[in-house]
Every structure is written in C-alpha cells, then in structure tokens.
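Below is one structure, written out as structure tokens; comments come after it.
Start at 1 with the first residue, then count along the sequence.
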Amino acid sequence: MKSLFLVAAMAAAVDAHYIFNILFVNGQRQGGEYTYVRRNSNSYNPAFPDIVNSNDLRCNVGAKPGNTQTFSVKAGDKIGFKVFNNELIEHPGPGFIYMSKAPDSVNTYDGSGDWFKVYETGLCRGGGNTDGNWCSYNKDRLEFTIPPKTPAGEYLVRIEHIGLHEGHRNRAQFYITCAQLKIDGAGGGTPSPLVKIPGIYKAADPGIAYNKWTSSPAPYVMPGPKVWDGN
C-alpha cells in the first residue's frame, strides 16, 4: 500500500509545472508575462540535472538576449517574480535569486560574466519529506530585496526553483528564468562570492540528488555559493 501511495504521489507531481515570468516591484505588477523576463523555449517545463554543465543553466533553454525590455529599479526595492497563469510553486524544494552585472547593456549580455547569490529559501521547519515544510511551497512567487549597497548598473537577475520530488532518481527539476533590471543607487558594496554559470552545481550535490521519500531525510544542504551579505 505504501508503494502504491508513493507512485500515485509522484505521478500527481509530474504535471505541477511552473515558470517565473511576471515582474513585481514593491508589490506592484510591472508589464505582462515575459515583458521583463527572457522567454525560454521549453515553456513551463523543467530542465533536468544534465543542464548543470550547460550555458542554459544561466537563463534556461532558448532564453537569449536581444528581445526583452529592461525595467529600472532602485537598490533597496522589493522585487518579486510571479508564476505564470495564477499557478503556484507546487513542488518541494529550494528557491534562489542570482545577479550578474552586464558590462554595458543587459539587452545584449549573455550572462558569461560573474554571478553572485542574493537570496535563497529552503526549509522553514522540520524535515524535507513534508512538502509544506519548504518555505516556497504553494506560494505564487519568489521575492527578495535588492541589497541597498548593490553597485549601480544593468543586471541579469536569475530566478530559480529546484523541484526535489524526483531528486532521488537523479531527476531534480530546474525552473529558471532571467529578468533584466537597471539598478540605481549609491552602491558601495562588493558582491561576493563571485561565481560563473555553469559551475555552481554538480548533479550529485546533496541538495540536488536529494531523497525526500523517506521517513528520516538527510538534513538539507543548500547547493551553490553563499548568499552575498550585502556589504
């Protein structure tokens, strides 16, 4: 009976796909779907761990520069990325926001420069085997505050959620998009640690090849670099 329940639960999870393609600034929606977010070619479908060594890990499959508007914000603004079509984040797992400063116009930038992590969300309570213990579960967006000391400039802002319901089968699901923001402010900070994408993950990382289907799951270890402390 337990095995039948497991199969049924995993089958139901397959269809709960999503994509972060709507920008919110200080609680207000800006534009429509993909106005300020680069359009990927795999729609709301996930990528899988074979993406970790691909340039597609930056902004998702088919998400290219040149066709997306850039929105102007200020350091200290609260930024949100909402799931399309009034859907929810219906898989257990962590969420992340990374940023990469473009050398000039972000509209032509391919994300090959340095990246830093500004936000992460994982477990709010208990173990990873209970979906509701994940802070982002059943939410409709990922939100963060731009660190006040962020150097001014144009940025790719990378939104990512990793669904872990098939992590034990080496089939963790990656939901990734990139927004284009121009950030104004006094700056003064030095973002770190700086990383390249690809290069932040390995498919075998414990936070990616994670088994939630056990009564005593391992303590969850966040993949990728540490979050910039804002200084």
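For Ser100 and Tyr109, the side-chain atoms include at least one donor-acceptor pair closer than 3.5 Å. Asn60 and Asn42 share a side-chain donor-acceptor pair at under 3.5 Å. Counted by atom type alone, His17 and Glu87 present zero donor-acceptor pairs between their side chains at under 3.5 Å. Residues Ser112 and Asp110 have side chains that bring a donor and an acceptor to within less than 3.5 angstrom of each other. With hydrogens and angles left out, the side-chain atoms of His91 and Tyr137 include no donor and acceptor closer than 3.5 Å. Side chains of Tyr175 and Asn40: no donor on one and acceptor on the other come within 3.5 Å.
In this structure, Trp134 contributes its side chain and Cys124 its backbone to no donor-acceptor pair below 3.5 Å. A donor-acceptor contact shorter than 3.5 Å links the side chain of Arg158 to the backbone of Leu57.
The number of heavy-atom neighbours closer than 6.0 Å to NZ of Lys182, taken from other residues, nucleotides and ligands shown, is 12 or below.
Counting all heavy atoms, side chain and backbone alike, Asp184 lies closest to Ala152 at CA-CB, 4.4 Å. Counting all heavy atoms, side chain and backbone alike, Pro223 lies closest to Tyr220 at CD-OH, 3.4 Å. Minimum heavy-atom separation, Ile176 to Arg58: CG2-O, 3.8 Å. Asn107 and Asn67 get closest at one heavy-atom pair: OD1-N, 4.0 Å.
From Gln30, atom CD reaches atom CG of Leu181 across 10.5 Å, with rounding to the nearest 0.5 Å.
The pair Glu154-Lys101 does not count as a salt bridge, with every side-chain nitrogen at least 4.0 angstrom from each carboxylate oxygen.
Residues Tyr44 and Phe84 bring their aromatic ring centres within 6.0 Å.
For Arg141 and Phe24, the positive end sits near the middle of the six-membered ring, less than 6.0 Å away and at most 45° from its axis.
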Please evaluate residues Ile22 and Arg29 with respect to the criterion side chain to side chain contact (heavy atoms under 4.5 Å, CB included), reporting the C-alpha separation (whole Å), side-chain torsions for both, the decisive distance (0.1 Å), and the verdict. CA-CA 7 Å; Ile22 304 170; Arg29 176 171 172 158; 3.6 Å; yes
